[in-house]
Amino acid sequence: MDQADEAPRYRTIWLILSFLIIIVGCGIVGVHSWVDAVAARYGATVETTRERVHSNRLIVDLSRHRDEPWNAPIEEAMYVSYGDVPAVMRDAILTSEDSWFFRHPGFNPIAIGKALLSQFGDDPRGGSTITQQIAKQVYVGSRRDFKRKFDELAIALWLEWHFSKQELLEFYFNTPFMGHNTKGIEAAARYYFGYSFKRERAQSVTFTPDMAASLAVTIKNPTAGNPTKPRNLREARRLLLTMGLKPVTLTEKAVADDRLPRRFAAHAFAKDRRLSDQFGAARDLAVMRLDEKLGTAAHEASLDVVTFYSSETQLYLETAIDKYYPRIRRAGYDRLTAVVVNNATGGIEAIAAPPEARIYPGSTVKPLLSLCALVEKGWTAQTRVEDSPFGIPPVQNGDRRYLGRISLEQALAASRNPPFVRMMQSFGHGCANRVLERMKTGFRFAGARERSLALGAEPVKLMDLLDAYVTVATCGRVSNGPLILKEARDRATQKVVLEEKAQPLAADARLTAGFDALHEMLLATTGPTGTANGSRFVNDVAAKTGTSDDNRQITLVTFTRAYTVFVSAGASDPSKLRRPLSSHALVAMVHNLNANIHGGKDPGPLGCGPGTVVAGR
């Protein structure tokens, strides 16, 4: 064959190759466009994905749960990192769910083919990869139609393109429902076995391959096949044998005994207090807020609800209560109210209070009254005030003493009463309320007796008071807190019907200067002469105490750059108080709670000015 004959042949080959390259290129572009379009429809972003896998979930049907919020199903999560999960647990999940996980691009054609064929047999099975399961749990939902399966595939590809395999496996450790109100393997291990992957060195329980297999097979059937069921243990034994491991507890003889679950998962049968029990107050508040915002006929569908609540923070709160509250209860204070707010998000991370709690705030209203003088009257922390007998009968201090002419900072730190009653009568509660209106807070000084208002002797809504404190603590970066609802999605379509985020105040230099001065004065409250002395676990902790006139309620509010913490103990019947206490009795509890939720880290200086340096320091 001569060169003249070869030339057309090579041109034909190159044309065919070029055509194939164009087809493949167009296919790749088309797939990318399809994946991006589906991801955009579901609102998939890297940030949203991380938020959802870290969050607890409520399932709320307002038509059924608005009057019975305690019946709303809970999925309680305790996030665990990849490095904290032992190799045997990782291997058990991969063997049970997706042995090709590290080799496929997000879907497994062979598994899908086997799943389709199995539909015609006696043992139908799914063909979803771990990535597809994450897509379903985090974005697509579980409605039964072919369109959802294609959406699931698109989101799975998107996840593979935006996260590493290790990150995806970590997400999977934390997303599946594991039965008994638990979500993810950490919450499940704590519930069923009393074991924490996060605290390996600080517990007496030893994690075993038998436990790993039991948790892994729970993912397939969390309700009827969790570790409290004999079926689970039989499946776990088969999984261990598939992995080439010899069962120790789950022997052939043992799994034939239906009594084995009570021995193997004894913690689940013996434990009195569940994680989900601690979620109760947050759940009730979330359902109430949902009803307020979505309680119309258009939003009666079942909802997936993500909250700001944190199981870790709640556990720290419960630990502090268990350790320090019994002594206070014995004195006659039979009602405890506590809330922890993250100052970065404005979200409630822990709560022990009914949704519409009201308290007697005592002197915790004094900083809010001071804003009138600071913002509208030009006062500073060093403006002199008079702590002397005033009014009929004379306004007294808790220690029955008077300090004479002192600074406003001293008056607030030592919680002196006469200066603030004088301030209220001089400026009127309208002055303070105008500033509170500028703060966009729901709290107001309301009532006819200005003396009682200045001393916090009138009951107020807990959330309104906390709203004002969070606004002060964040220098107005959060004006709509405390939030509990992060997101609500229609369960069928996964369409977002409600989303809440922290909203900052508009720029207001005078108001910010007032917040800055309050930071300075409330820092002094935790100093040697302040009523909250002992609250500092790092240098910058601001606080305010409050005790009602008849000692029926004692309150302590603290804030750092990271968290605002509110704790209050009340007596339902003041006549039965065996030993009246001051608010200082709460300091040890709050100190312990703060130290734990901050994780030993200094969140940095308080203040609202440049570089967040407190005015006058």
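The residues R66 and D291 are annotated as salt-bridged, a charged nitrogen and a carboxylate oxygen being separated by less than 4.0 angstrom. A salt bridge does not link E500 to R289: none of the charged side-chain nitrogens sits closer than 4.0 Å to a carboxylate oxygen. Between E167 and R50, at least one side-chain nitrogen of the basic residue sits less than 4.0 Å from a carboxylate oxygen of the acidic one, meeting the salt-bridge criterion. Ion pairing between a basic and an acidic side chain is recognised when a charged N comes within 4.0 Å of a carboxylate O; K198 and D84 show no such pairing. The residues E499 and K486 are annotated as not salt-bridged, no charged nitrogen and carboxylate oxygen being separated by less than 4.0 angstrom. Between R57 and E75 there is a salt bridge, since a side-chain N of the basic residue sits under 4.0 Å from a carboxylate O of the acidic one. Salt bridge status for R416 with D399: present, with a side-chain N to carboxylate O gap under 4.0 Å. A salt bridge links E487 to R489: one of the charged nitrogens lies within less than 4.0 Å of a carboxylate oxygen. Ion pair R438/D508 flagged as a salt bridge, since at least one NZ, NE, NH1 or NH2 atom sits closer than 4.0 Å to an Asp/Glu carboxylate oxygen.
Distance CG/L483 to CG/L485: 8.0 Å, rounded to 0.5 Å. Summarising the geometry, atom CZ belonging to R477 is positioned 12.0 Å from atom OG1 belonging to T345; distances are rounded to the nearest 0.5 Å.
Remark: the backbone N or O of T380 is paired with a side-chain donor or acceptor of T383 at under 3.5 angstrom. At least one donor-acceptor pair under 3.5 Å links the side chain of N596 to the backbone N or O of N592. The backbone N or O of E450 sits nowhere less than 3.5 Å from a side-chain atom of H429 that would complete a donor-acceptor pair. Between the N56 side chain and the V306 main chain, no donor and acceptor come within less than 3.5 Å of each other. A donor-acceptor contact shorter than 3.5 Å links the side chain of N480 to the backbone of K501. Between the side chain of T526 and the main chain of V541, a donor-acceptor pair closer than 3.5 Å is present. Side chain of D464 to main chain of V460: no donor-acceptor pair is present (N/O by atom type, distance under 3.5 Å, no hydrogens or angles). Formation of a donor-acceptor pair under 3.5 Å by the T525 side chain with backbone atoms of A532 is not found in this model. Checking side-chain atoms of R510 against main-chain N and O of V375 turns up a donor-acceptor pair under 3.5 Å.
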Side chain to side chain contact (heavy atoms under 4.5 Å, CB included) assessment of K366 paired with L412: CA-CA 7 Å; K366 288 175 180 175; L412 199 58; 3.7 Å; yes
Is there a salt bridge (charged side-chain N to carboxylate O under 4.0 Å, His left out) between D304 and R491 once you walk through the steps? CA-CA 6 Å; D304 280 336; R491 293 208 82 203; 2.7 Å; yes
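Partner of H598 under the ring pair (Phe, Tyr, Trp, His ring centres under 6.0 Å) criterion, out of Y316, Y563, F559: Y563 alone. Under the side-chain contact (heavy atoms from CB on, under 4.5 Å) test applied with S363, the options N417, T531, L455 reduce to a single match, N417. Here the options are V587, T545, L586, the test is side-chain contact (heavy atoms from CB on, under 4.5 Å), and the partner is S535; only V587 passes.
Between Y309 and F279, the ring planes are parallel. Angles under 30° get that label, and only those over 60° would be called perpendicular.
The aromatic ring centroids of F566 and Y469 lie 6.0 Å or more from each other.
Residues T48 and Y139 bring no donor and acceptor atom of their side chains to less than 3.5 Å of each other. Counted by atom type alone, D387 and N397 present one or more donor-acceptor pairs between their side chains at under 3.5 Å. Side-chain contact check for S583 and K544: no donor-acceptor pair (N or O, by modelled atom type) lies under 3.5 Å. Neither side chain, E76 nor T182, offers a donor N or O lying under 3.5 Å from an acceptor on the other. No side-chain N or O of N343 forms a donor-acceptor pair with one of T474 less than 3.5 Å apart. For the residue pair T547 / Q553, no side-chain donor-acceptor distance below 3.5 Å is found, with atom types taken as modelled.
Of all heavy-atom pairs spanning R536 and H591, the tightest one is O-NE2, 3.4 Å. Nearest heavy atom pair, residue P69 against residue D67, reads CD-C, 3.5 Å. Of all heavy-atom pairs spanning L593 and A320, the tightest one is CB-CB, 4.1 Å.
Crowding of E292 atom CD: a count of heavy atoms from other residues, nucleotides or ligands under 6.0 Å exceeding 12. Surrounding CZ of R579 are at most 12 heavy atoms belonging to other residues, nucleotides or ligands under 6.0 Å away. Shown here is K323, whose NZ atom has no more than 12 heavy atoms of other residues, nucleotides or ligands within 6.0 Å.
The stretch residues 346-416 participates, sequence neighbours left out, in these disulfide bond (SG atoms under 2.5 Å apart) pairs: C372-C431.
Remark: Q425 engages no residue in a side-chain hydrogen bond (donor to acceptor under 3.5 Å, both in side chains) (not counting sequence neighbours). Every residue meeting the salt bridge (charged side-chain N to carboxylate O under 4.0 Å, His left out) condition with D550, not counting sequence neighbours, appears here in chain and number order: R552.
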